[in-house]
Amino acid sequence: MKNLILAIESSCDDSSIAIINKDNFECIFYAKISQDEEHTKYGGVVPELAARLHSQALPKILEKCQKYFNRLCAIAVTNEPGLSVSLVGGVAMAKILSVGLNLPLIAINHLKGHIYSLFLDKKANFDMGVLLVSGGHTMVLFVDELGCISELARTGDDSFGESFDKVAKMMNLGYPGGAIIERLAKEVKCDDIEFSIPLLHSKELAYSFSGLKNQVRLEILKQELTQDRKCKIAFAFQKAAIAHIMHKLEKIFKEYKFKRFGIVGGASANLNLRTQVENLCKKYQCELLLAPLEYCSDNALMIARAACEAYERKEFVSIEDELISPKVKNLQGIL
């Protein structure tokens, strides 16, 4: 029976392929090769290096999938948003597979894929709010019961995850910065550094992390950056960044009365953030949905899961189409 969808994800620095059964959402195959070790020496993702590593990693993973080819009914791939040089590797592979195996091609916005990370092995149940926090994006969305997406708030500059990476880079801590900053914050013994919360007195439902990042930069310049000061700065930064997220979220919760609320994206792995959102959901009697930690960051399984819905709606694209879009272009619409 041809009921499997193969999905490819290469939007940034993780090479990933997954195969899912579209009828029951069972994961048949999943593999991901991270590039963290190669990029850490630069303090962030180097696009050209990421592209080269994708060209090496994706074929290696694909070799393990060949035994499932005769059961495939479609090929899916992340086509937006992301690094152009990274996206092109996955899209090219997907087009080749589509032609070679004579299968329809499905293009998936990976931000929509993140929403489906809440429903990897089950039917999606929308009419919910979503906080999407990643290295490239920070936004609050409302998804109605039909799957139509509305944007309620977004960052005007750096993303939540990006600010963690940049703060880590300022202190020469390595990459990716989210887990490093979170770990250092736990080691703090005296929290005598405090940063102001961005847009605290603004009525606008928006996020901004560039000012907070600058506060960190100025604090670093004050005196020698000892291990103790690194921990204090990490603690104060994380505290202010999460307080900023929560301050705007509380305003949104008061207005929208969500029945359920999900946190998705790579930065949603931050346990402090998860705990505070969990407390907010309890306060407003709202069901909290969390993606498994293994599937918070960019991965092909969420792309495969999103492709199951697209397949049912026959949302196929032509291999001749120019699919790649580095920026968020069409997040609005039906999931």
Side-chain angles (χ1 to χ4, degrees), residues 4-20 22 27-36 38-39 45-66 68-69 72-101 103-117 120 134-137 265-266 295-311 315-331:
L4 304 184
I5 296 175
L6 183 148
I8 303 166
E9 155 60 30
S10 66
S11 61
C12 189
D13 60 335
D14 287 331
S15 306
S16 181
I17 295 178
I19 298 175
I20 196 170
K22 69 175 181 62
C27 177
I28 305 300
F29 173 89
Y30 173 74
K32 180 167 85 167
I33 296 178
S34 172
Q35 301 178 4
D36 289 351
E38 289 82 359
H39 292 286
V45 177
V46 179
E48 293 76 13
L49 175 59
R52 186 167 71 250
L53 294 173
H54 281 308
S55 69
Q56 298 169 3
L58 287 173
K60 290 180 181 178
I61 301 175
L62 188 64
E63 286 181 9
K64 303 175 183 179
C65 303
Q66 292 184 25
Y68 302 107
F69 280 7
L72 295 179
C73 63
I75 304 296
V77 63
T78 300
N79 73 307
E80 62 176 352
L83 296 174
S84 296
V85 292
S86 291
L87 288 168
V88 71
V91 169
M93 175 176 279
K95 287 185 174 183
I96 290 170
L97 288 172
S98 175
V99 172
L101 299 175
L103 295 172
L105 181 62
I106 302 170
I108 298 293
N109 180 309
H110 93 264
L111 300 186
K112 292 183 178 181
H114 276 303
I115 297 175
Y116 276 104
S117 69
L120 291 175
S134 69
H137 305 89
Y295 299 109
C296 286
S297 59
D298 298 337
N299 66 87
L301 186 57
M302 69 184 192
I303 302 303
R305 177 62 187 87
C308 292
E309 315 294 323
Y311 182 89
E315 295 176 347
F316 306 132
V317 295
S318 169
I319 63 165
E320 297 177 358
D321 291 343
E322 180 59 48
L323 300 179
I324 296 173
S325 176
K327 297 182 179 180
V328 181
K329 183 174 65 175
N330 60 347
L331 188 59

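Ser11 and Glu9 are linked by a side-chain donor-acceptor pair at a separation below 3.5 angstrom, with hydrogens and angles left out of the test.
Here the side chains of Phe69 and Ile19 are not in contact, with every heavy-atom distance at 4.5 Å or above. Contact of the Ile8 side chain with the Leu97 side chain is registered, since non-hydrogen atoms from C-beta on lie closer than 4.5 Å.
Expressed to the nearest 0.5 Å, how far OG of Ser15 lies from CG of Leu62 amounts to 12.0 Å. Note: Leu87 CG to Asn79 CG = 7.5 Å, rounded to the nearest 0.5 Å. A distance of 11.5 Å separates CG in Leu6 from CD1 in Ile28, rounded to the nearest 0.5 Å. The CG atom of Asp13 sits 8.0 Å away from the CG atom of Leu83 when rounded to the nearest 0.5 Å. Between the CD1 atom in Ile5 and the SG atom in Cys73 there is a gap of 4.5 Å [rounded to 0.5 Å]. Atom CD of Gln35 and atom CD of Gln56 lie 9.0 Å apart (nearest 0.5 Å).
No donor-acceptor distance shorter than 3.5 angstrom exists from the side chain of His114 to the backbone of Asp298, with no hydrogens or angles considered. Here the side chain of Asp36 pairs no donor or acceptor atom with the backbone of Ser34 at under 3.5 angstrom. A side-chain donor-acceptor contact under 3.5 Å links Ser16 to the backbone of Ala300. Although no hydrogens or angles enter the test, the distance criterion places a donor-acceptor pair under 3.5 Å between the side chain of His110 and the main chain of Pro81.
Contacts of Lys32 classified as salt bridge (charged side-chain N to carboxylate O under 4.0 Å, His left out), with partners at least two apart in sequence or in another chain: Asp14. Ser10 meets the side-chain contact (heavy atoms from CB on, under 4.5 Å) test with His54, Leu58; sequence neighbours excluded. Residues that satisfy the side-chain contact (heavy atoms from CB on, under 4.5 Å) test with Ile319, not counting sequence neighbours, are Lys95, Ser98, Val99, Leu105. For Tyr68, there are no ring pair (Phe, Tyr, Trp, His ring centres under 6.0 Å) partners, not counting sequence neighbours. Taking the ring pair (Phe, Tyr, Trp, His ring centres under 6.0 Å) definition, one finds that Tyr30 meets it with Tyr295, sequence neighbours left out.
Listed here is the closest heavy atom pair of Leu301 and Asn299: N-OD1, 3.1 Å. Residues Pro47 and Val85 come closest through the heavy atom pair O-CG2, 3.4 Å. Across all non-hydrogen atoms, the minimal contact from Met93 to Ile17 is SD-CD1, 4.2 Å. Of all heavy-atom pairs between His137 and Leu111, the closest is ND1-CD2, 3.6 Å. Across all their heavy atoms, Met302 and Tyr116 have their closest contact at O-CB, 4.1 Å. Smallest separation of non-hydrogen atoms from Gly113 and Ile303: CA-CD1, 4.3 Å.
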Could you please spell out the steps behind the side chain to side chain contact (heavy atoms under 4.5 Å, CB included) verdict for Leu4 and Ile20?
CA-CA 6 Å; Leu4 304 184; Ile20 196 170; over 6 Å; no

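Applying the salt bridge (charged side-chain N to carboxylate O under 4.0 Å, His left out) test to every pair with at least one member in residues 45-61, sequence neighbours left out, gives no pairs at all.
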